[in-house]
Amino acid sequence: MSKTVLEVTDLVRHYPLPKERLFSKPRFVYALNGVSFKIEEGKSFGIVGESGCGKSTLARNVMALEPTDSGSVKILGEEVVGKSFGELRPLRQNFQMVFQDPFGSLDPHHSVGRIVAEPLAALAPLSSDEKKERVADVLKSVGLKETDIGKYPHEFSGGQRQRIAIARALITRPALIVADEPVSALDVSVQAQVLNLLRDLQDQYGVTYMFISHDLAVVEYLCDEVAVMYLGAIVEKGRTEDLFASPAHPYTRILLDAVPKPAAGMKRDRIRLSGNVTGQTEKRKGCSFQDRCPMAKEKCRNETPELKKMSPDHFAACHFSKDLMSL
Amino acid sequence: MSLLDVKNLNVDLLTAMGPARAVRNLEISLERGETLGIVGESGCGKSITALALMGLLPDNATTEGQILLSNEDLLKKPEKELCTIRGNRMAMIFQEPMTSLNPVHTIGRQVMEPLRLHRKLSKSAAYEEALQLLDRVGIPNPKERINNYPHQLSGGQRQRVMIALALSCSPDILIADEPTTALDVTIQDQILELIQTLVSEEGMALILISHDLGVIAENTQKVIVMYGGTVVESGSTEQIFGELTHPYTQGLFAAMPKLGMGRRERLTTIPGTVPDLINLPPGCTFTDRCPLMTSQCGGTIPPVSNLGTHHKVSCHNIEQAIKARTGGLYQ
Ligand SMILES: Nc1ncnc2c1ncn2[C@@H]1O[C@H](COP(=O)(O)OP(=O)(O)OP(=O)(O)O)[C@@H](O)[C@H]1O
Ligand SMILES: Nc1ncnc2c1ncn2[C@@H]1O[C@H](COP(=O)(O)OP(=O)(O)OP(=O)(O)O)[C@@H](O)[C@H]1O
Ligand SMILES: [Mg+2]
Ligand SMILES: [Mg+2]
């Protein structure tokens, strides 16, 4: 029986919106509405979904970087929700994060060497030679040069900064890496290097990944399992092969269809999402995807679909999954 | 006369270790309503090129050459005039939305400002227009979101605010630096469609920088492929995608993960890293990573071969490169 590295149960996070008037009713962005999943050791779990659907919020809450409204996050069996900063500190070497915004997350006043070495501080003290060696090693493994150690973030291009951020997350060899769009700022050749690297690290050290990306080809390449999110909830979840081969939620199907293909030339025909992005500021009745779903029926407006088992490892929250899969 | 003519543009960035030659001998010409894609490895000078066109290079930069916008050289214009041009004729979507949005102002204020300044709209008209722009780029419930600060938005929502800002002045030329990298495919689709509408209906010219070759293929007519600060291949999008020729271009395509490829294979990579811009070889910048490298490559600048009407490739070993098209140079 393999070990569970990350277990998330019913995670909820609602952000208050600025009030229009002093006494108006408080309004919220319903960013996460009860998300649950599990990742086994050495596996990669992909999270895809529309921009604004709550992926980064989920990552921040898993990493205990902001207060969670309710629910539980267990990393290596240990609860992190509700722990204080001090209590979390020794745990942090086990889980590291690569942030979505590579520039915002790198301190502009620190040299690359210092930025990358920073997570080592929480470990047992290392000699400065050892430290240097670890930094040089990890920089090399993400395709940067040793001479880059003394440089500052602004001297790098967007993609190079992202590699610095990845190096920083890798340096403590954590059990869990939460990576928020780690390769979307990289061009394909560096992206290929980084993806191969992430996979090698997994083979060598058994690292577990929670991997957020909007690039489905990247997710397919790296992840054993995928969850598709829509408006703060998981709408489909399963083994990557199953989910990509026979999507059971119309949103997944549309995502797969919308991937631009280099061979296709100028715009091709495809199913498009109708309607606008649904707001997240009201709670509503029925399926969250109803406004934009090409197959929505009366039932979808009234009943919220639960995540249902399609096959042993494949779950979807749609009233008409069966119809979709037989199309 | 083209709308934009870039002639022999060179940009050097002064660093502690000496000048880094970020862009060399770059040529671009762009007509109204034309779309140009720029692709290339991270660090090859795409953003620096874009910033040079906008007159927004960092202080440590020096430039040479000409950037002619309707025959007027932007490199000779004083900052004040450039500022007006940026407000009215050229706009840019920056690669990093968080660093180009002001964290202490609401997004509404930031979108309204150029509308009031450059289009001289009244406060209420600017407010209405801002709501409309935010709606067009797919920000849900703009009425509520207009009072949010940048940190209260998701990565992709910030990027969409940036796009709204760039489109607010109906520019003649839009330079979009990785405009959709943080966006999922469906919203990407929606934004690119909006940009395409402006191209076809208002004759806006577009320079699209992206490492997503699918996005480039579907949204541009011409492409330049950059490596180490220079253009190694250029042509119509069909030519480039149909007849990948330069060894670097071939590598770029080989490295791309493709949907349906599954998890068994490893991704192809181009071994090595991008050249140090401070110690560039005098000849071809791709030399030390090129599988077709021969003795003359590093020392002399490669000749430009014309493969078709506008299809140009800079390579010493063009014959071998053409032969390798079917093979798979990187195995
Ligand atoms: N302010 C600066 N000082 C010194 N060097 C710089 C500076 N800004 C960028 N560079 C260097 O110039 C080169 C070109 O950078 P540029 O930002 O144009 O790359 P890019 O092609 O846009 O890459 P990416 O795809 O990663 O965004 C890089 O090697 C970078 O390290
Ligand atoms: N601090 C905050 N205050 C208010 N709302 C917020 C805050 N942070 C995030 N949100 C909102 O919560 C929702 C989810 O945001 P999140 O950053 O998790 O999206 P995401 O799925 O990561 O999107 P993207 O792909 O664009 O990065 C968005 O609508 C966002 O505007
Ligand atoms: Mg995000
Ligand atoms: Mg760039």
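Labels below follow one simple rule: chain letters A, B, ... track the order of the sequence lines, proteins then strands, and each chain is numbered from 1. These values consider heavy atoms only, across backbone and side chains, with no hydrogens, waters or symmetry-generated copies.
Residue B/Thr106 does not touch chain A at all, counting heavy-atom pairs closer than 4.5 Å. Contacts between B/Arg136 and chain A at a heavy-atom distance below 4.5 Å are absent for every atom of the residue. For chain B, no part of A/Lys55 is nearby; none of its heavy atoms comes within less than 4.5 Å. For A/Phe244, the part lying under 4.5 angstrom from a heavy atom of chain B is the side chain only. The part of A/Asp200 that comes within reach of chain B is its side chain, from C-beta onward, which places non-hydrogen atoms under 4.5 angstrom from that chain.
Scanning all heavy atoms of the two residues, the minimum distance from A/Gly52 to B/Gln157 falls at CA-NE2, 4.0 Å. Among all heavy-atom pairs drawn from B/Thr180 and A/His214, the shortest one is O-NE2, 4.2 Å. In plain terms, the two heavy atoms of B/Leu267 and A/Leu195 that are nearest each other are CD1-CD1, 3.6 Å. Closest approach of B/Ala255 and A/Ala192 over heavy atoms only: O-CB, 3.7 Å.
A 4.5 Å side-chain heavy-atom check between A/Ser51 and B/Arg160 finds at least one atom pair inside the cut-off. Side-chain contact check for A/Lys151 versus B/Met17: some heavy-atom pair is nearer than 4.5 Å. Using a 4.5 Å cut-off on side-chain heavy atoms (C-beta onward), B/Glu144 and A/Val29 make no contact.
The environment of NZ in A/Lys140 is sparse: at most 12 heavy-atom neighbours from other residues, nucleotides or ligands sit within 6.0 Å. Within a 6.0 Å sphere centred on CD of B/Glu238, heavy atoms belonging to other residues, nucleotides or ligands number 12 at most.
Rounding to the nearest 0.5 Å places NE2 of A/His154 at 6.5 Å from CG of B/Asn60. In this structure, B/Asn141 CG and A/Arg27 CZ are separated by 7.5 Å, a value rounded to the nearest 0.5 Å. Residue A/Ile254 holds its CD1 atom at 11.0 Å from CG of B/Asp189, rounded to the nearest 0.5 Å.
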